[in-house]
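Along the sequence shown, residues carry numbers from 1.
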Amino acid sequence: MRIYLYIQCLNDPDRQKEKEALRQQRPFLDRLHLMVLTAIFTMVGHRVAALIVLEFSLRAVSTILSLNKGALSSQLYLLCQYSLGCGVSCSLGYLQEGAPHRTWNLLLAVGLAALLTHYTWRLAWHVSTMYELHCKERYCGGCLFLLATWHGIPRLLCNALRVTFGVADLAAVALINRDFLSTSEAIRFWTPLTICYTLLVIYMQEEQHHNPNQQMAFQTAFVRMGGLLVLLMTVGQWRDIVNILISLVGEIWCLTRSGTMLEVCRKQDESPSASTSGPPQSQRQKRPSRSVAAEAKS
């Protein structure tokens, strides 16, 4: 997402300050961010992780339906970071449960994730430092490939998120229902959970519509985790309350690290009519004047 936003700002002369803000990368903070999230996902139990996955899925569906023609807000790609990690944790925990080589399978998953992270960091660094030069000189295959296909990055991310959260939602429901001994216990849990989630989604949609700023993202995180905390204090366990507090720290940590990109996405969502693939606005404004001058001469 950082690569996509950087190229988008690079093509717009009015967004050079945002481009420079995205260009400033700190590899140490990126690695620290990954280590902190890994520790948090290790401590958070599958029950709370499953609830967070279901809550974000409902929130994402509500956001998509509230937009025109089912479009996807670019902010969702960043707001889903912690929920996405919880979804992967739930999916791996459910799919690997009872596997004969569970430890080796999880180590293989960690290795693949580390390899993907390494190449993503390298690509992001290359784009932020050499993309503009290589596109002008036309001799870097990677940059030329991005020049032709960077518009498709959101669609690629969207398809990946659909598959990931589709599997995670099924795993989350299965993990939650596993703790109930009878149908009546499950009903007593799912009924207040559904009501709580519905009220939270309605509240957050209204607040985000009237006050779309960075502070609102932190406020909704506290409201969501507070609602889950109150719910689990009545129908949950004490360890779930501790996991909710840990999840709040993880959510705030993700929002803090994504502050610059969230601000860029917020400005993009506020002006959806601006074209990113066409010429700059200054050039588009000059064309009508030339046509008018030609008509005047004729």
Side-chain angles (χ1 to χ4, degrees), residues 1-42 72-85 87-88 107-161 163-164 214 217 250-269 276-277 280:
M1 196 62 192
R2 177 181 293 175
I3 295 172
Y4 171 76
L5 293 175
Y6 177 80
I7 298 177
Q8 189 181 51
C9 294
L10 183 64
N11 295 336
D12 190 348
D14 298 331
R15 304 173 67 179
Q16 296 305 305
K17 293 183 179 180
E18 300 172 5
K19 183 201 75 173
E20 293 300 327
L22 293 172
R23 193 174 184 175
Q24 297 176 357
Q25 301 184 33
R26 297 176 177 85
F28 172 75
L29 293 180
D30 291 337
R31 288 168 173 77
L32 178 63
H33 175 67
L34 183 61
M35 294 175 58
V36 171
L37 286 183
T38 302
I40 290 176
F41 292 139
T42 304
L72 187 61
S73 174
S74 57
Q75 298 181 50
L76 284 178
Y77 295 115
L78 301 173
L79 296 176
C80 74
Q81 287 186 79
Y82 186 76
S83 302
L84 179 63
V88 174
L107 289 176
L108 177 62
V110 171
L112 292 175
L115 185 64
L116 180 62
T117 303
H118 172 70
Y119 281 106
T120 303
W121 280 345
R122 285 188 57 184
L123 181 61
W125 178 83
H126 181 81
V127 168
S128 63
T129 56
M130 307 299 296
Y131 176 81
E132 188 173 3
L133 175 62
H134 287 176
C135 288
K136 292 179 181 179
E137 299 295 335
R138 303 275 180 176
Y139 62 79
C140 177
C143 293
L144 292 178
F145 177 76
L146 283 176
L147 179 64
T149 61
W150 70 274
H151 295 90
I153 292 179
R155 180 177 298 178
L156 175 65
L157 293 178
C158 181
N159 293 333
L161 290 177
V163 175
T164 304
Q214 186 176 3
E251 189 78 43
I252 297 300
W253 176 257
C254 289
L255 292 176
T256 303
R257 289 289 300 139
S258 304
T260 303
M261 290 189 288
L262 278 174
E263 187 64 27
V264 175
C265 291
R266 188 174 296 109
K267 293 180 180 179
Q268 174 185 338
D269 293 339
T276 59
S277 59

Which heavy atom of [X] sits nearest to which heavy atom of [Y], and what is that distance?
X: D30; Y: W121; answer: O-CZ2, 3.7 Å
X: T120; Y: L116; answer: OG1-O, 2.7 Å
X: C143; Y: C135; answer: O-SG, 4.1 Å

Take V88 and F41 through the test side chain to side chain contact (heavy atoms under 4.5 Å, CB included) and record every step on the way to the result. CA-CA 10 Å; V88 174; F41 292 139; over 6 Å; no

Would a 4.5 Å heavy-atom cut-off, applied to side chains only, mark [X] and [Y] as touching?
X: C254; Y: H33; answer: yes
X: L157; Y: Y4; answer: no
X: R15; Y: V264; answer: yes
X: L79; Y: L262; answer: yes
X: Y131; Y: I3; answer: no
X: L161; Y: L76; answer: no

NZ/NE/NH1/NH2 to OD/OE distance under 4.0 Å, K19 and D12: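 Here K19 does not pair with D12 in a salt bridge, since their nearest N and O are not under 4.0 Å apart.
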
For the atom pair [atom1] ([X]) and [atom2] ([Y]), what is the distance rounded to the nearest 0.5 Å?
X: E251; Y: T256; atom1: CD; atom2: OG1; answer: 10.0 Å
X: N159; Y: T164; atom1: CG; atom2: OG1; answer: 10.5 Å
X: T260; Y: L5; atom1: OG1; atom2: CG; answer: 10.5 Å
X: H151; Y: Q8; atom1: NE2; atom2: CD; answer: 8.0 Å
X: R23; Y: R2; atom1: CZ; atom2: CZ; answer: 13.5 Å
X: K136; Y: E132; atom1: NZ; atom2: CD; answer: 4.5 Å

Let me see the working for W150 and L10 under side chain to side chain contact (heavy atoms under 4.5 Å, CB included), right down to the final yes or no. CA-CA 12 Å; W150 70 274; L10 183 64; over 6 Å; no

Return the orientation label for the H134 and H126 ring planes: parallel under 30°, perpendicular over 60°, tilted otherwise.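 H134 and H126: tilted rings.
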
Is there a donor-acceptor pair closer than 3.5 Å between any side-chain N or O of [X] and the backbone N or O of [Y]?
X: Y77; Y: P154; answer: yes
X: Q81; Y: L78; answer: yes
X: S128; Y: W125; answer: yes

